[in-house]
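As a basis for the values below, the full set of heavy atoms in this structure was taken, side chains included, without hydrogen atoms, waters or symmetry mates. One-based numbering, in listed order, for ligands and for the atoms of each.
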Amino acid sequence: MPTPHNSAKLGDFAPALLMPGDPLRARRIAETVLADSREVTSVRGNSGFTGTYQGRPLSVMASGMGMPSLTIYATELFRDYGVKRIIRVGTCGGLSSEVEVGDVVVALGAHTDSHMNVARFPEINYAPVASWPLLEAAMREAPALEAEGVKVHVGSIMSSDHFYFTPDGLNERLAQYGTLAVEMETAGLYAVAAEFGAEALTVLTVSDHLLVSGPEMTHEERETRFAGALRLALAAAMS
Ligand code: ADE
């Protein structure tokens, strides 16, 4: 304490932590959601914040992009700082034809092309899955969101190491098998939570669709839809 990537002291982080990908998004969440927010770390410009939400402690810190980056931060938060649950709140690209830009996706489990969990389990295909109590708490908030016109999906996603490269036909096959969307972090998050006996959940806003062309989200739509995903993430964090 501190760790190579975190300058906070023991006790600076709350047991529950929201984890967007983008450090600026983390700052924005801290400014708009937390009361009495204070910056507890800022190594490499990746600031972490702790404050309260509805009178209870809550922290926010970004993962950066991809499983290696997320796994570094999450390992140190679980192992060294006593964080008990991390809720990733990010964006994804739609795969399933059921999913539209602006919808919310809650990740039950995450397929991956990453080697990170193969290194943990060379003998088997490890299945990274969400923490059921967190998933259940998030989904209790879903009907309220749907009543406001935001569709919420729960199912499997793909966590990819590549943003710009996909093997021919892979996205189509994943969609055929009911995979809702692709992002780059969740298979790492769910495995590292399991490693430390902690809890994790991913709640995503669909920012683009890889297989169905349609209108892009406006900046305002992006913000309102992200706020919807954040509501589910907060319900899980505070459960
Ligand atoms: N996150 C948001 N959109 C994505 C995409 N198309 N691929 C991977 N991650 C994403």
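For atom 3 (N) of ligand 1, the closest non-hydrogen atom of the protein is D208 OD1, 2.8 Å. The shortest contact between atom 9 (N) of ligand 1 and any protein heavy atom is with E183 CA, 3.5 Å. In terms of protein heavy-atom proximity, atom 8 (C) of ligand 1 is closest to F163 CD1, 3.7 Å.
If you check the side chains of H209 and E100, you find no donor sitting under 3.5 Å from an acceptor. No side-chain donor from either of S159 and T112 sits under 3.5 Å from a side-chain acceptor of the other. No hydrogens or angles considered: a donor-acceptor pair under 3.5 Å links the side chains of D103 and H153. Side-chain polar atoms of T41 and S7 form a donor-acceptor pair below 3.5 angstrom.
Between the side chain of N6 and the main chain of T3, no donor-acceptor pair closer than 3.5 Å is present.
Remark: ligand 1 atoms within the under-4.0 Å shell around heavy atoms of S207 are 2 (C), 3 (N). Against a heavy-atom cut-off of under 4.0 Å, L210 is close to the following atoms of ligand 1: 6 (N).
Legend: residues meeting ring-ring contact (aromatic ring centres under 6.0 Å, His included) with F49, ordered by chain and number and at least two apart, are absent.
If you look at C92 next to ligand 1, the close heavy atoms, those under 4.0 Å, all belong to the backbone.
Residue S160 places every heavy atom at 4.0 Å or more from ligand 1.
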